[in-house]
Amino acid sequence: MNITSVRIQNFRGIKDLVLELGRTTVLIGENNTGKTSILDALKFCLLDLGPRRRTVFDTLDFHLSNPKSEPSSTKPITIGITFSERERGEWDNGLTNRLGRTGIL
C-alpha cells in the first residue's frame with residue numbers, strides 16, 4: 001500500500017497544501033518551511049488516531065491567519081491521505097470491505 005497524496009489544511013503554518021507523493025519523496029527546504037509539519041500531519045493520521053472524542057491537536061497546531069487570531073475562531077484542521085495499491089488486487093476483500101464500512105474507501 002502506498003500513500004500517493006496528502007492534503008493538509010489549516011495546520012500550523014500550512015493554510016492549504018496538496019502534495020503528490022512518488023514512490024520515494026524527499027522533503028527539502030530551509031528551516032521553518034513546513035517539512036516537520038507535513039511529517040507530523042502524517043503521524044497524527046497514521047499513528048495517533050484514538051477514540052473519536054480524544055483531541056489530538058494542540059492549540060498551537062491550528063493555522064492562525066494573523067498574530068491576534070485565536071484557535072477557537074479558526075477553520076478546522078483537515079488532513080486527507082490518499083492510498084493506492086502497488087499492484088492491482090493487492091488489497092484482499094476483507095481489507096476492502098473494512099475500508100468501505102468505515103467510509104474510508
Side-chain angles (χ1 to χ4, degrees):
M1 179 178 318
N2 290 332
I3 299 174
T4 55
S5 70
V6 62
R7 181 168 188 190
I8 303 169
Q9 294 175 293
N10 306 309
F11 181 66
R12 298 184 184 162
I14 301 171
K15 184 174 181 179
D16 192 355
L17 170 72
V18 176
L19 182 61
E20 300 294 329
L21 303 173
R23 185 167 181 173
T24 301
T25 301
V26 179
L27 301 176
I28 300 172
E30 299 282 331
N31 290 341
N32 206 26
T33 58
K35 300 179 301 293
T36 301
S37 293
I38 293 168
L39 296 175
D40 284 346
L42 288 168
K43 177 181 153 285
F44 283 137
C45 288
L46 299 174
L47 299 177
D48 290 343
L49 291 178
R52 291 190 182 265
R53 297 185 189 267
R54 185 175 144 234
T55 303
V56 194
F57 301 112
D58 188 307
T59 56
L60 297 176
D61 289 330
F62 290 86
H63 177 76
L64 304 177
S65 57
N66 63 62
K68 294 182 180 181
S69 296
E70 292 292 324
S72 60
S73 64
T74 63
K75 294 180 181 177
I77 295 170
T78 304
I79 303 169
I81 300 176
T82 303
F83 295 92
S84 68
E85 296 177 306
R86 285 178 286 206
E87 298 174 12
R88 190 160 185 68
E90 175 184 13
W91 297 351
D92 64 25
N93 288 339
L95 174 61
T96 304
N97 290 338
R98 283 194 309 275
L99 293 173
R101 280 194 305 274
T102 59
I104 294 172
L105 187 63

Seminar exercise, completed: Sorted by chain and number, sequence neighbours left out, side chain to side chain contact (heavy atoms under 4.5 Å, CB included) with Thr59 holds for Pro71
Problem set entry | Same apolar cluster: Leu64 and Ile8, side chain cutoff 4.5 Å | no
Problem set entry | For Ser84, side chain to side chain contact (heavy atoms under 4.5 Å, CB included) partners two or more places apart | Asn2, Thr4
Seminar exercise, completed: When rounded to the nearest 0.5 Å, the distance separating CG of Leu21 from OG of Ser5 is 7.0 Å
Problem set entry | Sequence neighbours excluded - salt bridge (charged side-chain N to carboxylate O under 4.0 Å, His left out) pairs with any residue from residues 64-84 | none
Problem set entry | Test side chain to side chain contact (heavy atoms under 4.5 Å, CB included) applied to Ile14 and Ile77, Ile38, Ile79, the passing residue | Ile38
For this session: Check the hydrophobic clustering (I, L, V, M, F, W, Y; side-chain heavy atoms under 4.5 Å; chains of links allowed) and say if Leu27 and Ile3 are grouped together.
Result: yes
Exercise. Can you pull the side-chain hydrogen bond (donor to acceptor under 3.5 Å, both in side chains) pairs that have at least one residue in residues 7-23, sequence neighbours excluded?
Worked result: Arg7-Asp16, Arg12-Asp40, Arg12-Asp61
Exercise. Hydrophobic cluster mates of Ile28, side-chain heavy atoms under 4.5 angstrom, ILVMFWY only, any path?
Worked result: Val26
Seminar exercise, completed: So side-chain hydrogen bond (donor to acceptor under 3.5 Å, both in side chains) across residues 25-39, not counting sequence neighbours, yields none
Exercise. What about Leu17 and Leu39, same hydrophobic cluster or not, with Ile/Leu/Val/Met/Phe/Trp/Tyr joined at side-chain heavy-atom distances under 4.5 Å?
Worked result: yes
